[in-house]
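Beneath this line is the structure, given in structure tokens, with notes to follow.
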Amino acid sequence: MLDRPVRAMLDRPVGALAAALDRPGITPDGLTVAGLVLGLGSAVAAALQLWALALALWLVSRVVDGLDGALARRRRADGRQSSDSEAGGFLDITADFVVYGATVLGVALGVTAAYDAPWQPFAAVLLVYYVNGAAFLAFSSIAERTGRRIDDGRSLSFLGRIAEGTETIVVHSLWLIAPFWAWQLAVVWAVFVGVSAVQRMVAGYRALR
């Protein structure tokens, strides 16, 4: 829901950061891997109940994750990158799924140990993440094959709905800022993402008919 306006708002500063990083030895894929490592570090820190460290690693990982695509677009624009753009897009979405799943697990381990919180809300979040991922990845594959691709600058045809990347970053951050409320937030978030899953399933089916 918030991805489009947030991306428009951050386009200029992200472009400036990508320009500053546009140096030999720094590649979009390297930034993707760095974001993956930082995200996994956040998950481990959350599992160990190092909440401030987990939050810092999480936020930095998401900044780095936003810069890989900006750097790739910058290099494609002047002809320095073309052949591996699809591979980079694949690596990026795969890394995102790994980080999102790992951070849910890390937070669940941390809050259940520290606050005797129930684990079921986090399992529900992982389930609806799975359904959402299946819906938009299947749609992207079929849309590409049938010439119905949605081109919004991303590697995949993304079916935007009420729960997108921006909302995910905010909720995961809130878990780390207020871990004592994490499982309650997870209940609300699971419902929110579940509604998005249904929306994506319906919208994708209608778009491909």
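Atom set for the values below is all heavy atoms of this structure, side chains included, hydrogens, waters and symmetry mates excluded. Numbers here simply count residues along the sequence, with the first being 1. In this text the structure is predicted, and so the values were computed from the model without any measurement.
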**OP:** May I have the step-by-step check of side-chain contact (heavy atoms from CB on, under 4.5 Å) for Val131 and Met201, ending in yes or no?
**Re:** CA-CA 9 Å; Val131 176; Met201 292 167 65; 4.1 Å; yes
Sequence neighbours excluded and cut-off under 3.5 Å, please list the side-chain donor-acceptor pairs for residues 39-48, or say none.
unit_1 : atom_1 : unit_2 : atom_2 : d
Ser42  : OG     : Ala54  : O      : 2.7

Original post:
Which value, rounded to the nearest 0.5 Å, describes the distance between Leu127 atom CG and Asn132 atom CG?
Top reply: 10.0 Å
Original post:
How long is the span from the CG atom in Leu59 to the OG atom in Ser173, to the nearest 0.5 Å?
Top reply: 4.5 Å
Name each donor-acceptor pair under 3.5 Å that joins a side chain in residues 104-118 to protein atoms two or more places apart or in another chain, with its distance.
unit_1 : atom_1 : unit_2 : atom_2 : d
Thr112 : OG1    : Ala108 : O      : 2.6
Thr112 : OG1    : Leu109 : O      : 3.2

Original post:
Taking the side chain as C-beta and beyond, is there a heavy-atom pair between Phe192 and Val128 under 4.5 Å?
Top reply: no
Subject >> Leu38 versus Ser61, closest heavy-atom pair with distance >> reply: CB-CB, 3.6 Å
Original post:
Would Val98 and Ile169 show up in the same hydrophobic cluster when neighbours are defined by side-chain heavy atoms closer than 4.5 Å?
Top reply: yes
Subject >> Residues forming a side chain to side chain contact (heavy atoms under 4.5 Å, CB included) with Val63, sequence neighbours excluded >> reply: Leu67
Original post:
For Val198, what residues pass the side chain to side chain contact (heavy atoms under 4.5 Å, CB included) criterion, not counting sequence neighbours?
Top reply: Val202
**OP:** Drop me the distance from Leu53's CG to Leu176's CG, to the nearest 0.5 angstrom.
**Re:** 10.0 Å
Original post:
What residues form a side chain to side chain contact (heavy atoms under 4.5 Å, CB included) with Leu91, not counting sequence neighbours?
Top reply: Asp29, Thr32, Val33
**OP:** Can you spot which of Trp181, Trp183, Phe122, Phe180 makes a ring pair (Phe, Tyr, Trp, His ring centres under 6.0 Å) with Trp175?
**Re:** Phe122
Original post:
Partners of Ala124 by side chain to side chain contact (heavy atoms under 4.5 Å, CB included), sequence neighbours excluded?
Top reply: Ala190
Subject >> Separation between CG of Leu71 and CD1 of Ile26, rounded to the nearest 0.5 Å >> reply: 8.0 Å
Subject >> Of all pairs that satisfy salt bridge (charged side-chain N to carboxylate O under 4.0 Å, His left out), the ones with a partner from residues 50-62, not counting sequence neighbours >> reply: Arg62-Asp65, Arg62-Asp96
**OP:** Look at the side-chain heavy atoms of Ile, Leu, Val, Met, Phe, Trp and Tyr, link any pair under 4.5 Å apart, and say whether Phe97 and Val37 land in one connected group.
**Re:** no
Original post:
Tell me the ring-ring contact (aromatic ring centres under 6.0 Å, His included) pairs involving residues 17-59, sequence neighbours left out?
Top reply: Trp58-His172
Original post:
Can you hop from Val170 to Val187 via hydrophobic side chains spaced under 4.5 Å?
Top reply: yes
Original post:
Taking a hydrophobic cluster as the set of Ile, Leu, Val, Met, Phe, Trp and Tyr residues connected by side-chain heavy atoms closer than 4.5 Å, whether directly or through intermediates, do Trp119 and Val193 fall within one such cluster?
Top reply: no
